[in-house]
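All figures in this text were calculated on a predicted structure; none of them were measured in a lab. For this chain, numbers begin at 1 and follow the sequence in order.
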Amino acid sequence: MADFTQSVTQTLLAHQNLTLGSNAIGADVDCSSWLAVQVTGWLANTTTTANVTGVAFIIQGSIEASGNDWIDLVRFTGSTTAATSVAFAAAEAIGSTALDVAATAGFTVGELIYLLDATGVAESEWAEIVNVVVNTLLTIMDGLIVAKAQTADTILDQAQRFSALVQCDGLKRIRAVVVHQ
């Protein structure tokens with residue numbers, strides 16, 4: 001019997017900023033030789049406006065090698081709560097875990113946040129709050145991947161992530177869809 005091996009990471013849909021009223025459909029990924037796939041999704045509201053219906057992440061599968069016979073395998077709908085936003089009060093270096101801020105109202109320990117970089121989504125990242133010093137500091141679990149600029153970059157709460165194990169037996173293709181209406 002053959003040993004099970006883990007394949008390289010596949011991107012079903014790239015990190016991108018979708019404005020309200022737009023959708024994104026990822027490219028088909030051949031999964032015909034896979035037993036299962038662990039799918040992870042990351043979501044952040046980049047404005048302080050509530051999303052009435054929530055952003056829907058859908059992982060779809062197909063039993064055919066081509067065509068449009070997609071079926072929903074997993075569906076996750078994000079929060080409809082408006083995000084709280086605060087600017088960085090100081091520039092933060094790569095690896096920093098203590099983030100200087102002027103206000104902490106709305107931010108709580110254990111909460112997932114999105115660090116929106118003004119230069120674009122490629123430099124933006126998610127983090128988890130492990131400590132809050134009122135109106136002074138947010139401490140995150142892991143250090144920054146990208147340096148952040150004072151006042152130009154912002155921190156938003158209401159970020160979310162999900163993960164699901166998808167069985168691939170009988171499937172030929174999978175894809176990710178995001179509906180932001």
Side-chain angles (χ1 to χ4, degrees), residues 1-47 49-81 83 94-95 110-128 140-148 153-181:
M1 183 171 170
D3 289 334
F4 294 106
T5 58
Q6 183 173 340
S7 68
V8 296
T9 301
Q10 300 281 327
T11 299
L12 295 179
L13 195 58
H15 182 188
Q16 57 190 285
N17 189 9
L18 292 176
T19 57
L20 182 62
S22 59
N23 305 316
I25 300 174
D28 304 4
V29 175
D30 180 353
C31 67
S32 60
S33 64
W34 302 350
L35 295 175
V37 61
Q38 187 72 39
V39 178
T40 58
W42 299 76
L43 171 65
N45 190 350
T46 57
T47 69
T49 304
N51 187 321
V52 177
T53 60
V55 176
F57 281 85
I58 309 160
I59 303 302
Q60 295 183 321
S62 171
I63 60 172
E64 302 295 337
S66 63
N68 290 321
D69 64 336
W70 297 102
I71 55 170
D72 292 357
L73 303 171
V74 175
R75 182 180 286 260
F76 171 83
T77 302
S79 172
T80 59
T81 304
I94 293 172
E111 183 175 34
L112 191 64
I113 55 177
Y114 187 65
L115 310 172
L116 180 61
D117 197 295
T119 58
V121 295
E123 292 79 21
S124 299
E125 55 192 289
W126 285 262
E128 185 174 334
I140 57 175
M141 186 178 298
D142 299 301
L144 293 175
I145 298 168
V146 177
K148 301 297 178 223
D153 299 335
T154 54
I155 302 169
L156 296 121
D157 71 349
Q158 300 301 320
Q160 296 175 278
R161 60 186 164 204
F162 73 93
S163 183
L165 181 65
V166 176
Q167 294 300 121
C168 293
D169 47 334
L171 296 176
K172 301 275 195 240
R173 302 173 291 152
I174 60 170
R175 70 178 183 181
V177 178
V178 177
V179 178
H180 186 18
Q181 297 299 316

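- To the nearest 0.5 angstrom, I71 atom CD1 is 7.0 Å from I63 atom CD1.
- Here the straight-line distance linking atom CG of D30 with atom CD of Q10 works out to 9.0 Å at 0.5 Å rounding.
- Side chains of T19 and N17: no donor on one and acceptor on the other come within 3.5 Å.
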**Message:** Checking L156 against L116 for the side chain to side chain contact (heavy atoms under 4.5 Å, CB included) test, could you report, in this order, the C-alpha distance in whole Å, the side-chain angles of both residues, the deciding distance, and whether it holds?
**Reply:** CA-CA 7 Å; L156 296 121; L116 180 61; 3.9 Å; yes

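- A donor-acceptor pair under 3.5 Å links the side-chain atoms of W126 to the main chain of L43, judged by distance alone.
- Note that CZ of R173 and CD of E64 are 8.0 Å apart. Values are rounded to the nearest 0.5 Å.
- A donor-acceptor pair under 3.5 Å is formed between the side chain of S124 and the backbone N or O of D117.
- The shortest distance between side-chain heavy atoms of L18 and V178 falls below 4.5 Å.
- When all heavy atoms of A36 and L165 are compared, the closest pair comes out as CB-CD1, 3.9 Å.
- For the side-chain contact (heavy atoms from CB on, under 4.5 Å) test, residues two or more places apart in sequence or in another chain that qualify with I25 are R175, V177.
- Between Y114 and H15, the ring planes lie perpendicular to each other; the angle is over 60°, past the 30° to 60° tilted range.
- Listed by chain and number, the residues in a salt bridge (Lys or Arg N to Asp or Glu O under 4.0 Å) with E111 amount to none (sequence neighbours excluded).
- Among all heavy-atom pairs drawn from V37 and C168, the shortest one is CG1-SG, 3.8 Å.
- Taking both residues in full, the closest heavy atoms of F162 and F76 are given as CD2-CD2, 3.5 Å, listed atom of the first, atom of the second, then distance.
- The nearest pair of heavy atoms linking Q160 to S79 is OE1-N, 2.7 Å.
- If you take CD1 on I174 and CD1 on I59, they are separated by 7.0 Å, rounding to the nearest 0.5 Å.
- Shown here are the salt bridge (Lys or Arg N to Asp or Glu O under 4.0 Å) partners of E128, two or more places apart in sequence or in another chain: R161.
- From I145, atom CD1 reaches atom CG of L115 across 9.5 Å, with rounding to the nearest 0.5 Å.
- The ring-ring contact (aromatic ring centres under 6.0 Å, His included) check on W34 picks up nothing, with sequence neighbours excluded.
- Although no hydrogens or angles enter the test, the distance criterion places a donor-acceptor pair under 3.5 Å between the side chain of E125 and the main chain of V146.
- Distance check, rounded to the nearest 0.5 Å: CG of L112 to CD of Q158 gives 10.0 Å.
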**Prompt:** Would L171 and L73 count as a side chain to side chain contact (heavy atoms under 4.5 Å, CB included) if you check the C-alpha gap in whole Å, the side-chain angles of each, and the deciding distance to 0.1 Å?
**Reply:** CA-CA 11 Å; L171 296 176; L73 303 171; 3.7 Å; yes

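- Counting all heavy atoms, side chain and backbone alike, A24 lies closest to L13 at CB-CD2, 4.0 Å.
- Legend: residues meeting salt bridge (Lys or Arg N to Asp or Glu O under 4.0 Å) with D153, ordered by chain and number and at least two apart, are absent.
- Counting only distance, with no hydrogens or angles, the side chain of N23 and the backbone of H180 share a donor-acceptor pair below 3.5 Å.
- Although no hydrogens or angles enter the test, the distance criterion places a donor-acceptor pair under 3.5 Å between the side chain of Q181 and the main chain of G21.
- By the salt bridge (Lys or Arg N to Asp or Glu O under 4.0 Å) test, D142 is found to be paired with no residue, residues two or more places apart in sequence or in another chain being considered.
- The minimum heavy-atom distance linking L12 with A176 is given by the pair CB-CB, 3.7 Å.
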